[in-house]
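Here is the structure we will look at.
Keep in mind it's a predicted model, so treat the numbers as computed, not measured.
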Amino acid sequence: TNPSAKYEASGTSGILNIVLKKDEKEGLNGSISLNTGIPDNHSVGVSLNRRTQKFNLFTQIGVGYRSLPRFSDNINLDKNAGTRILSEGESFRNETFYNITLGTDYHINENNVLTLSGRYAFEKEDNPAETIFREEDSTGQLLNASTRNEDTQADNPKWRFDLQYKKQFTDHEDHTLQMSALGNYFQKDQSSVFSNIPSEGVSLSNEQLSATDFGRTDYTFKLDYTRPIDEGFELETGAQYDINNVGNDYAVSDLIGGEYVINSDFTNDFDFDQKVLGAYATGAYEGQKVGVKVGLRVEDTELNTLLAATNEKNDQHYTSFFPSFHSSYKFTDNLSFQVGYSRRIRRPRLWDLNPFFNITNNFNIWTGNPNLQPEFTDSYELTSVYIRQKTSLSASLYYRYTTDVVERVSIFENNVNTTTPLNIGTSATAGLEITGKYSVDRRLTINGDLNLNRFVREGRFQDTDFDFDGQQWSGRLTAKFKFSKDLEFEMTGNYRSRFKTVQGERSASPSLDMGIRQKMLNGKIVANIGVRDLFRSRIFENIIDQEEFYLYSWSQRGRFITFGLSYGFGKGEAMTYSGGRRR
């Protein structure tokens with residue numbers, strides 16, 4: 001959970017190392033999957049691979065339709081005037097999608113493999129939304145009420161290619177050289193029509209049109225070299241170059257005097273160009289009881305943004321060093337301790353910088369901040385790991401100190417809440433995380449995670465003091481029941497506690513997911529049923545209570561039920577295909 005200098009320094013997530021087994025099943029193998037669900041989540045997928053002595057050809061073709069609903073409630077209260085705006089909305093992201101993947105592994109010889117793959121996908125969106133607005137005075141008397149309808153259409157083509165080369169040297173199986181080039185392209189051509197129907201008084205929003213022409217291109221080039229030096233010693237070195245280029249042409253028009261007129265306040269062309277060049281070196285020693293790994297990563301970042309309509313530029317160029325240190329000591333075959341340190345960075349993401357406006361709800365607006373600076377974090381961990389027969393348990397004490405913390409701050413004026421990210425002060429977080437797994441018997445396995453922490457925030461922006469402290473905890477518990485070798489049931493409960501935010505507090509959120517899987521014909525056929533958020537309790541609820549205004553927001557995705565059936569032919573088992581993850 002505290003990655004070494006080998007890995008890019010952005011983010012605070014851990015590294016999951018998946019070791020794949022070699023599969024020498026020659027001939028034609030494949031799988032066909034059918035999926036359906038409530039709300040609509042229907043897809044058909046075909047996966048094929050043809051293996052010969054030198055080549056492994058693979059492809060995947062999919063087509064489907066899915067619908068993602070979202071429900072929301074908002075309250076904007078002006079404490080000085082006593083007026084408030086209430087809004088209740090329902091929206092759907094409906095997508096028809098098609099995708100195809102083609103690729104090959106070329107085994108040049110026993111120690112050299114070349115992989116080339118490409119993917120094309122196309123999504124056609126139809127996203128309707130309806131929001132009911134009510135304006136009330138200080139006595140609760142209704143002043144105005146209207147319904148705002150949105151009809152959004154979008155076409156999203158996507159391209160992806162991946163080229164990889166791996167060389168394994170003959171002197172040692174861990175002596176390797178890997179090179180890769182990855183490219184992604186995404187485009188969105190979107191148009192929206194907003195109409196308003198007053199039911200009391202006057203309409204609270206304008207008749208509007210919006211149009212988006214969005215394009216994003218990403219390239220990643222990597223080189224990694226690993227060389228065992230002697231028994232227990234190993235050196236790693238490599239480099240990575242990331243290129244991100246985005247153009248977002250966004251326009252809003254208001255209906256004035258029977259004609260649509262461009263609204264210059266909401267219209268602009270935003271260009272984003274970021275290049276990150278990184279290089280690293282690590283050295284490691286692994287003995288029978290002691291392990292040590294040290295490393296250093298250097299990343300040079302060049303970021304340029306431009307608002308074309310107003311010629312506003314933000315150019316950033318900085319070089320950062322990211323050291324890492326890890327050590328472990330093995331007391332017994334069952335018990336070991338680890339200590340680790342790494343320096344991390346969180347660069348502003350595209351949508352943090354892009355000052356576009358979402359006008360679905362004109363009283364609750366999100367906009368980016370082109371002047372954001374990156375966050376830097378020093379991360380320390382002390383971990384113990386215990387493994388014995390049916391039990392595995394790890395406990396970690398951690399401490400993270402972050403500077404230039406990015407916080408989402410609400411600015412309230414004329415009943416309109418505008419949320420924007422700002423760099424505000426520092427954050428110090430200390431916590432305990434416990435992860436465990438226990439196999440009760442052959443049929444029942446329980447694993448879970450518990451994370452408790454306390455944080456202290458210090459910061460000031462303009463004339464506002466943002467100092468505060470708080471605590472939060474989250475937990476996950478999964479139970480897997482194996483009724484037979486072919487029938488399995490899984491249930492996962494999640495809980496996130498209430499916690500303070502920079503201006504208010506976030507409510508607690510519990511949820512329960514469950515699924516069952518049945519194998520048939522020695523794994524050739526697999527049927528599965530899954531339920532996400534069984535009790536519709538996974539919510540996002542935020543309260544901001546300030547001296548001059550009060551804001552309440554609530555949103556929910558709801559319950560999802562899926563059913564899948566897969567059939568595998570050739571020498572392989574059935575492989576599931578979902579058509580894409582729920583977001």
Side-chain angles (χ1 to χ4, degrees), residues 16-37 41-66 97-122 158-168 173 176 178-184 480 482 484-490 515-530 562-582:
L16 180 63
N17 184 29
I18 300 175
V19 180
L20 300 178
K21 297 180 180 178
K22 289 185 178 180
D23 196 344
E24 303 298 336
K25 297 173 182 176
E26 295 189 5
L28 179 65
N29 307 290
S31 181
I32 300 174
S33 297
L34 300 173
N35 299 278
T36 189
N41 185 22
H42 318 297
S43 64
V44 179
V46 179
S47 299
L48 297 170
N49 78 283
R50 170 79 176 179
R51 178 65 189 267
T52 66
Q53 188 174 6
K54 286 284 188 180
F55 287 94
N56 178 41
L57 304 174
F58 54 89
T59 184
Q60 185 179 78
I61 302 172
V63 59
Y65 173 81
R66 55 188 169 224
F97 61 91
Y98 315 86
N99 58 63
I100 180 170
T101 299
L102 294 170
T104 182
D105 299 315
Y106 174 43
H107 295 260
I108 303 170
N109 53 43
E110 185 177 352
N111 298 310
N112 294 271
V113 179
L114 185 68
T115 299
L116 175 64
S117 65
R119 183 176 189 268
Y120 173 75
F122 183 82
K158 303 177 181 180
W159 295 87
R160 176 187 175 98
F161 75 84
D162 190 1
L163 176 64
Q164 298 186 43
Y165 168 72
K166 180 178 180 180
K167 178 179 180 59
Q168 183 171 323
E173 63 177 359
T176 60
Q178 297 185 66
M179 295 183 289
S180 66
L182 175 66
N184 283 287
K480 295 183 179 181
K482 195 166 185 177
S484 67
K485 68 174 185 177
D486 295 324
L487 180 61
E488 296 180 351
F489 173 76
E490 181 174 308
I516 189 167
R517 182 175 68 172
Q518 172 71 59
K519 290 184 178 181
M520 295 167 279
L521 299 180
N522 294 321
K524 293 293 183 181
I525 297 178
V526 175
N528 59 79
I529 298 175
T562 58
F563 173 74
L565 187 65
S566 301
Y567 170 69
F569 54 88
K571 299 179 181 179
E573 292 187 346
M575 298 182 294
T576 58
Y577 169 82
S578 65
R581 298 181 63 182
R582 291 283 189 178

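For the atom pair CD (E488) and CG (D486), the distance works out to 9.0 Å, reported to the nearest 0.5 Å. Distance check, rounded to the nearest 0.5 Å: CG of N184 to CZ of R119 gives 9.5 Å. Between L28 atom CG and N49 atom CG the span is 7.5 Å, to the nearest 0.5 Å. Of the inter-residue distances, the one linking N56 atom CG with H107 atom NE2 reads 6.0 Å to the nearest 0.5 angstrom. The distance from the OG atom of S31 to the OH atom of Y567 is 9.5 Å, given to the nearest 0.5 Å. From T36, atom OG1 reaches atom NE2 of H42 across 4.5 Å, with rounding to the nearest 0.5 Å.
K166 approaches Q178 most closely through the heavy-atom pair CG-CG, 3.8 Å. S43 and F97 make their closest contact through CB-CZ, 4.0 Å (heavy atoms, listed as atom of the first residue, atom of the second, distance). Nearest heavy-atom pair, N29 versus G570, reported as atom, atom and distance to 0.1 Å: OD1-C, 3.6 Å. In plain terms, the two heavy atoms of A121 and N99 that are nearest each other are CB-CB, 3.7 Å.
No side-chain heavy atom of L57 sits less than 4.5 Å from a side-chain heavy atom of L102. Under the 4.5 Å side-chain criterion, counting only non-hydrogen atoms from C-beta, I525 is in contact with L565. A heavy-atom distance below 4.5 Å is found between the side chains of F58 and D105.
Remark: the S47 side chain and the Q60 side chain contain an N/O donor-acceptor pair separated by less than 3.5 Å. In this model, no donor atom of one side chain and acceptor atom of the other lie less than 3.5 Å apart for S117 and D162.
A donor-acceptor pair is defined here as one N or O able to donate and one able to accept, closer than 3.5 Å; such a pair exists between the side chain of T59 and the backbone of T101.
Relative orientation of the F55 and Y106 rings is parallel, given thresholds of 30° and 60° on the angle between their planes.
When each of K519, M520, Q518 is paired with V526, the side chain to side chain contact (heavy atoms under 4.5 Å, CB included) condition holds for K519 and for no other.
A search for side chain to side chain contact (heavy atoms under 4.5 Å, CB included) contacts involving K167 returns N112, Y165, F169, L177, not counting sequence neighbours.
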